[in-house]
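Positions are given from 1, in the same order as the sequence printed here.
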Amino acid sequence: MSWSQLPPVGTPISIKSQRSAQWLKFQDFNHVLVESGTAALALLLKVIRTNLAAEKTAARNLNVVIPGYACPDLVAACLYANATPVIIDFDASSYQYDLSQLANLQEEVDVILCPSLFGISMPLLPLRHCVPDALIIEDDAQWFPEPENAEDRSRNLVALVDSASAEYVLPEQTRQADFFITSFGRGKPVNLLGGGLAAWHHRYASWFDNIDTLAQSNDNNDNAYRIKARLFNGLCQPLCYGALIRIPGLTLGQTVYHPLDSITKMAGFKTVLVPPSVHAYLSGSMNAQQQLVNATTPAWPEQTVNKRLLRLPVLAANRAARDELLKKLNAAGLGASPMYATPLHDIDGIAALAECPFGTPVSGVIADCLLTLPVHPGVKPRHVRKMIQILDSLRHNIVAYPQV
């Protein structure tokens with residue numbers, strides 16, 4: 001294996017602040033900044049649970065649909081809000097829930113959680129038609145909502161610099177949701193080493209009347225944060241990262257369940273870093289991603305068009321083929337990753353915490369057969385050329401959709 005290794009993700013941390021009274025205004029949505037993406041989701045679920053309970057005559061748990069291939073933090077957010085996570089499988093031909101499973105759930109569905117996997121969003125209108133009364137949360141922890149229209153993208157870059165004169169235009173897909181969240185954690189598109197955003201449509205504004213009473217984070221050490229940011233940026237250099245992953249006992253990127261302990265507002269010094277960090281990310285080049293998309297078949301190809309991806313997903317025909325691709329790519333130092341190598345229900349501790357009324361065979365195939373390629377700013381043209389060369393040598397093992 002090459003001593004030098006690209007990290008799977010690696011958006012550089014910006015420490016340039018923007019002093020403004022209000023960091024950003026979304027069109028049709030209000031928001032609050034909290035200490036993590038998981039906390040943002042838990043906050044929304046907690047508020048939804050409180051308000052739906054007030055409207056219902058019979059008290060019961062809030063039932064939240066989550067996908068069978070996902071981060072276990074979704075379960076942590078549900079449990080913090082005293083909600084019941086209900087695992088549903090994917091459709092085999094697109095990145096979407098299995099609508100037949102969704103329609104045949106015996107329990108009432110209150111919330112459908114729709115993660116944008118690597119930046120690939122689920123179509124929301126079919127979910128509206130399938131479960132008309134359910135609320136929809138678009139989980140954009142792996143994507144910062146960005147419209148496909150070039151004019152709107154340009155307008156948004158202006159809004160990030162001058163929020164007083166322009167609102168940030170959300171994608172049509174996101175505007176179809178009732179709520180959305182995004183994350184500013186390590187390994188996320190906009191990286192602040194932690195933080196999250198919880199947003200709600202204006203029609204639910206009264207549900208959040210008491211949001212200002214949310215406790216403030218006690219992490220106010222601006223200088224310590226800047227030292228950590230510089231250290232992180234340094235460790236994302238291929239030689240440093242290659243040395244880091246060889247440290248015995250260090251399990252970077254391992255998918256494990258961690259409960260959520262609290263919800264607090266984002267530290268004040270960090271909030272002023274959000275606008276320039278989002279601006280820097282959305283101003284970045286997509287050349288590496290586009291070259292890889294043109295040269296190979298990404299997973300769910302129709303849904304990757306005009307999307308700024310956190311990672312490029314590639315599906316192999318079977319697990320052995322996926323493992324062979326991973327071995328060759330990482331022997332060349334190219335930062336390939338299996339992402340979640342286990343279906344959600346099979347992650348240690350999850351089966352006892354979440355309901356799974358149906359099988360999740362598609363999720364299982366995705367866990368076995370999917371790998372991701374880095375497309376962050378550290379990926380240089382020579383890396384892309386080598387990725388394409390290796391993918392070409394095993395092209396017969398690459399498929400567009402899970403082979404169930």
Side-chain angles (χ1 to χ4, degrees), residues 8-11 24 26-29 67 90-91 93-97 114-128 136-160 166-177 180-183 188-191 197 199 277-315 339 366 370-377 379 381 383-384 387-388 391 398-402:
V9 286
T11 304
L24 181 61
F26 288 117
Q27 193 175 60
D28 299 327
F29 281 77
F90 291 118
D91 182 88
S93 60
S94 65
Y95 180 63
Q96 173 63 292
Y97 279 111
C114 301
S116 295
L117 186 65
F118 317 123
I120 304 172
S121 302
M122 287 186 183
L124 300 187
L125 287 181
L127 301 175
R128 291 277 188 212
I136 293 179
I137 302 175
E138 185 175 79
D139 177 354
D140 295 327
Q142 296 182 26
W143 182 52
F144 195 89
E146 181 181 26
E148 296 181 6
N149 180 280
E151 183 178 345
D152 285 340
R153 288 184 175 186
S154 297
R155 282 186 57 193
N156 286 346
L157 292 177
V158 172
L160 286 163
E167 290 184 317
Y168 188 97
V169 180
L170 291 164
E172 175 61 30
Q173 176 79 10
T174 304
R175 293 202 300 270
Q176 292 169 4
F180 73 89
I181 68 110
T182 191
S183 174
K188 297 302 193 289
V190 180
N191 179 9
L197 179 150
S277 299
V278 175
H279 189 281
Y281 178 71
L282 297 182
S283 301
S285 170
M286 295 174 61
N287 287 345
Q289 174 186 320
Q290 197 57 55
Q291 289 174 36
L292 288 168
V293 166
N294 292 340
T296 191
T297 302
W300 307 290
E302 295 87 355
Q303 290 170 273
T304 63
V305 175
N306 293 327
K307 302 286 292 209
R308 186 185 300 271
L309 301 178
L310 177 63
R311 310 172 181 222
L312 183 80
V314 176
L315 275 167
M339 195 59 181
I366 294 171
L370 186 136
L371 65 88
T372 68
L373 295 171
V375 291
H376 55 73
V379 179
H383 299 132
V384 175
M387 288 179 196
I388 292 172
L391 292 170
I398 295 174
V399 296
Y401 310 100

TODO: Check side-chain hydrogen bond (donor to acceptor under 3.5 Å, both in side chains) between S93 and all other residues, then give those that pass, not counting sequence neighbours.
DONE: D91
Open item on the list: When you compare the side chain of V384 with that of V379, does any pair of heavy atoms fall below 4.5 Å?
Closed with: yes
Task: Residues which pass side chain to side chain contact (heavy atoms under 4.5 Å, CB included) with A280, listed by chain and number, not counting sequence neighbours - done: none
- [ ] Under the ring-ring contact (aromatic ring centres under 6.0 Å, His included) rule, collect the residues that match up with F29, sequence neighbours excluded.
- [x] F180, H201
Task: Reported CD-to-OG distance for the pair E302 and S94, which is rounded to 0.5 angstrom - done: 9.0 Å
- [ ] Taking ring-ring contact (aromatic ring centres under 6.0 Å, His included) as the test, write out the residues that go with F90, two or more places apart.
- [x] Y95
Open item on the list: Please evaluate residues L170 and Q27 with respect to the criterion side-chain contact (heavy atoms from CB on, under 4.5 Å), reporting the C-alpha separation (whole Å), side-chain torsions for both, the decisive distance (0.1 Å), and the verdict.
Closed with: CA-CA 7 Å; L170 291 164; Q27 193 175 60; 5.7 Å; no
- [ ] Please determine, by modelled atom types, if S121 and K307 share a side-chain donor-acceptor pair under 3.5 angstrom.
- [x] yes
Open item on the list: For E151, give me all partners under side-chain hydrogen bond (donor to acceptor under 3.5 Å, both in side chains), at least two apart in sequence or on another chain.
Closed with: none
Open item on the list: Taking salt bridge (Lys or Arg N to Asp or Glu O under 4.0 Å) as the definition, give me every residue that meets it alongside R128, ordered by chain and number, with sequence neighbours left out.
Closed with: D178
Open item on the list: Holding to side chain to side chain contact (heavy atoms under 4.5 Å, CB included), I want the full list of residues that pass it with P123, two or more places apart in sequence or in another chain.
Closed with: Q96, P126, Q303
Open item on the list: I need the full list of side-chain hydrogen bond (donor to acceptor under 3.5 Å, both in side chains) pairs touching residues 280-295, with sequence neighbours left out, sorted by first then second residue.
Closed with: H279-S283, S285-N287, Q290-N294
Task: Separation between CG of D28 and CD of E167, rounded to the nearest 0.5 Å - done: 7.5 Å
Open item on the list: According to ring-ring contact (aromatic ring centres under 6.0 Å, His included), who are the partners of Y168, at least two apart in sequence or on a separate chain?
Closed with: F26, F144
TODO: Determine, step by step, whether V190 and T11 satisfy the side-chain contact (heavy atoms from CB on, under 4.5 Å) criterion, reporting the C-alpha distance in whole Å, the side-chain angles of both residues, the deciding distance to 0.1 Å, and the verdict.
DONE: CA-CA 7 Å; V190 180; T11 304; over 6 Å; no
Task: Least distance between heavy atoms, G10 atom then H376 atom - done: N-CD2, 3.5 Å
TODO: Output every pair passing salt bridge (charged side-chain N to carboxylate O under 4.0 Å, His left out) with a member in residues 138-150, not counting sequence neighbours, ordered by first then second residue.
DONE: E146-R153, E146-R308
Open item on the list: Distance check, rounded to the nearest 0.5 Å: L310 atom CG versus W143 atom CH2?
Closed with: 12.5 Å
Open item on the list: How close do K188 and S183 get, counting heavy atoms only, and between which atoms?
Closed with: CG-OG, 3.5 Å
Task: Side chain proximity check, P8 to R311, heavy atoms < 4.5 angstrom - done: yes
Open item on the list: Once side chain to side chain contact (heavy atoms under 4.5 Å, CB included) is applied, do any residues pair with L371, and if so which ones, sequence neighbours excluded?
Closed with: V314, R322, L325, L326, L329, L373
Task: Side chain to side chain, L292 and P298, heavy atoms closer than 4.5 Å - done: no
Open item on the list: Return the CG to CG distance between L312 and L391, rounded to the nearest 0.5 Å.
Closed with: 8.5 Å
Open item on the list: side-chain contact (heavy atoms from CB on, under 4.5 Å) for L309 and I120? Distances and angles first, verdict last.
Closed with: CA-CA 7 Å; L309 301 178; I120 304 172; 3.9 Å; yes
TODO: Drop me the distance from I136's CD1 to L124's CG, to the nearest 0.5 angstrom.
DONE: 5.0 Å
Task: Close side-chain approach of N156 to P147, heavy-atom, < 4.5 Å - done: yes
- [ ] Mind checking side chain to side chain contact (heavy atoms under 4.5 Å, CB included) for A400 and listing every partner two or more places apart, or none if nothing turns up?
- [x] T297, P301
Task: Separation of L282 CG from L160 CG (nearest 0.5 Å) - done: 6.5 Å
